[in-house]
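Positions are given from 1 along the sequence. Because only heavy atoms are used, hydrogens play no part in the values below, and waters and symmetry mates are left out as well, while side chains stay in.
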Amino acid sequence: MSRNLIFTGAVLAALGAVVLRMVLGPPGLGWYLLAWALFAAALWLARRVRGKRLDVLVVAGGIALAAIGLAAPPSSSTDSFRYAWDGRVQAAGVSPYAHPPADPALAGLRDDWLFPAGCADPLLWPLPEGGCTRINRPTVSTIYPPLAQGYFLLVEWLSPEGARHKGLQLGGFALAVLALLALWRLAGARRAAYWAWCPAMPVEAVNNAHVDMLGVLLVVLAFGAVRGRGGRAGAGALLGAAVAAKLLPVTALPGALSGVLAGNGRVAGNGVLAGNGAQAGNGGVAWRRLLVVGVPALLVVALSYLPYALVSGSSVAGYLPGYLREERYDGGGNRYAVLRLLMPDSWAPYAAIALLALIVLAVLRHGDAERPWQGALLVSGSFLLLLTPGYSWYALLVVALAAMTGWWEWLGVAVAGAVAYTDGPAAPDNLGTPFYAVAALAALAGWAARRSAGPRRHRPTGGTPVVRSP
């Protein structure tokens with residue numbers, strides 16, 4: 001057994017111990033940073049582990065880390081309580097968009113788990129008529145899109161009586177492991193390790209059971225379907241389903257349309273945006289590809305909303321508009337923190353919109369149609385760097401796309417999100433700001449390095465896995 005294999009295994013064991021401490025919670029900033037340091041060390045040591053040994057280390061290690069997330073109740077998020085409530089409400093034949101949890105009309109669905117008798121716990125939320133609940137924002141209706149609601153209902157149906165949070169955690173575990181296996185098949189073990197060993201996976205996808213994991217898996221499957229027969233239409237439908245699960249995957253759609261404004265949309269090498277290719281398009285718009293991807297995506301989103309819209313009408317948007325105001329996406333708070341280091345606060349939202357539009361346009365014009373996950377990472381990662389959200393699970397999509405591309409520098413976005421959340425998403429002088437700034441510099445440095453590397457000779461992939469070709 002090689003020394004590097006032993007050292008990598010030892011570091012992964014240490015990472016597992018730290019993750020266990022984190023899920024036993026609440027995880028402090030020091031534990032997060034230690035976990036990410038061990039993750040980086042494991043990736044570094046694994047560089048010289050090869051063959052089936054690496055495959056076993058990545059897959060078995062990833063599954064073991066994911067399982068650690070099942071060891072305790074949610075440690076640092078209350079979102080899964082809302083998921084459980086939404087599933088329960090739907091099982092009773094009520095639209096989750098029609099009534100908030102505090103509505104007395106739903107009092108018959110309350111139990112001692114979600115609505116405990118005592119209110120001494122500071123994490124509980126008060127109810128207008130007295131009492132309290134574990135569900136955050138109980139006076140407003142749900143924010144989660146329709147496919148997520150279908151997932152909550154399925155978990156409710158499949159969970160035995162008294163399962164509480166465990167059904168959602170097991171669902172997160174299954175989704176995370178499926179994503180790991182898909183990434184391993186598509187990108188190879190070395191890149192799949194970015195996902196398998198990332199601390200965000202067991203903590204946010206499994207322990208906190210964030211529904212973002214459903215959207216992430218659908219995006220990975222979408223880009224895996226690109227090369228199959230009828231793959232682009234299938235990819236469009238899967239991306240539409242991802243958007244209907246958690247909205248944020250809409251940032252992956254421009255990647256699926258990479259090069260669509262360059263005529264045939266084909267790029268030699270690894271893409272102009274990566275700095276390793278030359279545009280081969282002849283101008284114009286690739287309307288057929290635009291329609292083949294875009295129409296299925298729009299249809300899936302529209303059809304998923306239709307049943308709820310028929311029942312709930314205009315309230316199907318839920319608390320989304322209020323949430324955007326609460327999180328200060330109109331300006332202020334800790335949003336746009338990196339841009340606000342460079343310009344007046346009032347300019348930042350408009351600068352973010354303009355820069356994101358330019359990045360999307362660059363992907364649509366110069367992106368590599370054969371490697372759409374690259375453009376998806378550029379847009380998704382840039383979206384988080386420009387808006388600087390204070391929730392670590394938002395970066396799960398970026399972690400998965402970084403595994404597909406091999407662009408490890410984008411993992412800094414996930415580190416910044418974790419720091420921002422742990423330090424308090426709304427706290428003044430949040431430590432996430434300098435971490436987001438460093439992550440932005442790292443992403444720019446990685447882009448510049450690939451640009452300076454110059455074009456590489458393109459080798460047809462034939463029947464090889466989607467992302468393994470050079």
Working to the nearest 0.5 angstrom, can you tell me the gap between Asn207 CG and Phe173 CZ? 13.0 Å
For Val211 against Tyr83, the heavy-atom pair lying closest together: N-OH, 3.1 Å
Any donor-acceptor pair under 3.5 Å from Ser141 side chain to His99 backbone: no
Is the shortest distance from a Lys or Arg side-chain nitrogen in Glu156 or Arg164 to a carboxylate oxygen in the other one below 4.0 Å? no
Evaluation steps, side chain to side chain contact (heavy atoms under 4.5 Å, CB included), between Trp373 and Ser258: CA-CA 9 Å; Trp373 42 87; Ser258 293; over 6 Å; no
For Arg82 and Pro101, indicate whether the former's side chain and the latter's backbone hold a donor-acceptor pair under 3.5 Å. no
Answer yes or no: is there a side-chain heavy-atom contact under 4.5 Å between Phe115 and Leu124? no
With distance as the sole test, does Thr422 use its side chain to make a donor-acceptor pair with the main-chain N or O of Val419 at under 3.5 Å? no
Do you know the tightest heavy-atom contact between Asn334 and Gly424? ND2-O, 4.4 Å
Distance (rounded to the nearest 0.5 Å) between Thr139 OG1 and Tyr319 OH: 7.5 Å
Strictly distance-based, threshold 3.5 Å: is any side-chain N or O of Ser315 a donor or acceptor partner for the main-chain N or O of Ser312? yes
Any heavy-atom pair between the side chains of Trp197 and Pro202 that's under 4.5 Å? no
Assess the pair Trp393 and Tyr421: is the distance between their ring centroids shorter than 6.0 Å? yes
Heavy atoms only: give me the nearest Val23-Ser75 pair and the separation to one decimal. O-CB, 3.3 Å
Short side-chain to backbone donor-acceptor contact, Arg137 and Val140, under 3.5 Å: no
Residues Pro145 and Ala244: closest non-hydrogen pair is CB-O, 3.1 Å
With rounding to the nearest 0.5 angstrom, report the CG to CE distance, Leu168 to Met213. 14.5 Å
Gap separating the CG atom of Leu341 from the OH atom of Tyr336, nearest 0.5 angstrom: 15.0 Å
Indicate whether the side chain of Ser76 and that of Asn208 have a donor and an acceptor atom separated by less than 3.5 Å. yes
Taking the side chain as every heavy atom from C-beta outward, state whether Phe81 and Asp86 have any atom pair closer than 4.5 Å. no
Can you establish whether the number of heavy atoms outside Tyr350 located under 6.0 Å from its atom OH is more than 12? no
Which class fits the ring pair Trp36 and Phe39: parallel under 30°, tilted 30 to 60°, perpendicular over 60°? perpendicular
Count the heavy atoms belonging to other residues, nucleotides or ligands that lie under 6.0 Å from CG of Asp330, then report whether that count exceeds 12. yes
Return the OG1 to CG distance between Thr251 and Leu378, rounded to the nearest 0.5 Å. 11.5 Å
Would you say the side-chain atoms of Tyr436 pair up with the backbone N or O of Pro389, donor to acceptor, closer than 3.5 Å? yes
Would you say the side chain of Tyr329 lies within less than 4.5 Å of the side chain of Leu387, judging by non-hydrogen atoms? yes
What is the minimum heavy-atom distance between Ala242 and Val219, and which atoms define it? CB-CG2, 3.8 Å
Step by step, would you call Val399 with Met201 a side chain to side chain contact (heavy atoms under 4.5 Å, CB included)? CA-CA 9 Å; Val399 175; Met201 187 266 285; over 6 Å; no
What distance separates Leu342 CG from Trp347 CH2, expressed to the nearest 0.5 Å? 11.5 Å
Would you say the side-chain atoms of Asp212 pair up with the backbone N or O of Lys246, donor to acceptor, closer than 3.5 Å? no
Is the closest side-chain heavy-atom distance between Phe223 and Arg371 below 4.5 Å? no
Please work out whether the ring planes of Trp113 and His165 are parallel, tilted or perpendicular, with thresholds of 30° and 60°. tilted
Do Tyr391 and Glu204 have a side chain donor and acceptor closer than 3.5 Å? no
Centroid-to-centroid, Tyr308 to Tyr305, below 6.0 Å? no
So Cys132 and Trp125, do their side chains get closer than 4.5 Å, heavy atoms only? no
With a 4.5 Å cut-off on side-chain heavy atoms, are Leu147 and Tyr151 touching? no
Between Arg340 (side chain) and Ala348 (backbone), is there a donor-acceptor pair under 3.5 Å? no
Side chains of Leu127 and Thr133, heavy atoms from C-beta outward: is any pair under 4.5 Å? yes
Can you tell whether the side chains of Arg88 and Asp111 come within less than 4.0 Å, N to carboxylate O? yes
Step-by-step side chain to side chain contact (heavy atoms under 4.5 Å, CB included) determination, Leu339 to Leu355: CA-CA 10 Å; Leu339 291 174; Leu355 287 171; 3.9 Å; yes
Looking only at side chains, do Gln90 and Gln149 share a donor and an acceptor under 3.5 Å apart? yes
Within the distance-only criterion (no hydrogens, no angle test), does the side chain of Arg21 pair as donor or acceptor with the backbone N or O of Pro27 below 3.5 angstrom? no
Minimum heavy-atom separation for Ala352 to Leu386, with atom names? O-CD1, 3.8 Å
For the side chain of Ser304 and the backbone of Val301, is there at least one donor-acceptor N/O pair under 3.5 Å apart? yes
Leu239 and Leu218: side chain to side chain contact (heavy atoms under 4.5 Å, CB included), yes or no, with the steps? CA-CA 7 Å; Leu239 287 172; Leu218 290 167; over 6 Å; no
